[in-house]
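Have a look at the structure below before the remarks.
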Amino acid sequence: MKDNLYKYILGIADNSLILGQRMGSLTGHGPSLETDIACTNISLDLFGQVRSYYQYAAKIAGDGRTEDDIAMLRKEREYVNVLLVEQPNTDFAYTMARQFLFDVYHLLLLNELQKSKDLTLSAIASKSIKEVSYHQRFSSDWIKRLGDGTDLSHQKMQDAIDALWAYTDELFHQTQADKVMVKEGVGVDVTKLKETYYKQVNEVLEEATLNIPESKYFQKGGKEGIHTEHMGYLLSDLQYMQRTYPNMEW
Amino acid sequence: MATKNWPLWEVFVRSKNGLEHRHFGSLHAADAEMALENARDVYTRRNEGVSIWVVESKHITASNPEHNGELFEPAQDKVYRHPTFYDLPDEVKHM
């Protein structure tokens, strides 16, 4: 139970950590000052949520490890985020498409997690919902703006959606720990979110005059620790300070 | 980056209920909706506000600084127009 709960928490938290790192790396590099700050805000929201999850996970582990150890000192194979969130910031269309495809899922997940029997998880979910509602509003707006914008912005957004589509199915895969936690009434059965997810995503894509990809070939592996080639580079950035100056504090 | 900039908007934020909206600054946005979202992110991220107004800067008519003499100076020696002869009770805030 303890081990599964620990894994279950990381399964949720790692997504926010890695996406937060991706968005945070846009600081000073956003397409305009305003969107730059917006992306940084999203990143900070996600990191805030991550801290609550990791603090709880550290307590569950109960072996002296801290939230920082969990965030900074695992090896690549020990991170269990979905492949979607580690995909690079290719351009602003990719950045927003990735955010949008995750936000819709994230909000559905948190809505259900609020009902968890685990009071800590349900409290974190309730606290995060407002933030994530705003993320979804922000990213959906950009999907529509760029999709229903100029020929060029439409093409770029369509390319981004097409490229990232293969990573959406993994959101609804269950690990062994997920299944145990669902049985315990602690975890969310993500398989039940799938239908609503694609319905909501497709509505926005249609409004954005974008084609809904028909590809049925999906990527998976992140939840089991098998990542895409982008993950190692991301982690070397994320972990640099702790690896170079172990135990440094700021 | 597009060579053409988004239009400029002025942002007014009410910091709490009961107070007036105050000018906070300006930003760029493609339309009103984006201006509101940008204002939320740029100006209220430290819990500064409960309400935001945005107005495109071109809709604001400003007085010309060259006319400051005729506009404002005549009021300088009319001290009796200021309610400074009253003692304000402490309960009255934000005067």
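Only this structure's heavy atoms are used, side chains among them; waters, hydrogens and symmetry mates stay out. Convention: sequence-line order gives letters A, B, ...; per-chain numbering from 1.
Using a 4.5 Å heavy-atom cut-off against chain B, the contacting residues of residues 40-53 of chain A are A:N41, A:L44. At a heavy-atom separation below 4.5 angstrom, chain A is approached by B:R40, B:D41, B:V42, B:R45 within residues 40-60 of chain B. Among residues 137-147 of chain A, the residues having any heavy atom closer than 4.5 Å to a heavy atom of chain B are, in sequence order, A:R137, A:F138, A:D141, A:W142, A:R145.
Using modelled atom types, no side-chain atom of A:E34 and backbone atom of B:L27 make a donor-acceptor pair closer than 3.5 Å.
Summarising the local packing, CD of B:E70 is surrounded by more than 12 heavy atoms from other residues, nucleotides or ligands at distances under 6.0 Å. For A:R243, the CZ atom sits in a packed shell: over 12 heavy atoms of surrounding residues, nucleotides or ligands are nearer than 6.0 Å. In A:N247, the CG atom is not crowded: 12 or fewer heavy atoms of neighbouring residues, nucleotides or ligands sit closer than 6.0 Å. Atom CG of B:D77 sits in a crowded spot, with more than 12 heavy atoms from other residues, nucleotides or ligands closer than 6.0 Å.
Under the salt bridge (Lys or Arg N to Asp or Glu O under 4.0 Å) criterion, A:E203 pairs with A:K199, sequence neighbours left out.
With a threshold of 4.5 angstrom between heavy atoms, A:Y134 approaches chain B through side-chain atoms but not through N, CA, C or O.
Atom OG1 of A:T35 and atom CD of B:E37 lie 11.5 Å apart (nearest 0.5 Å).
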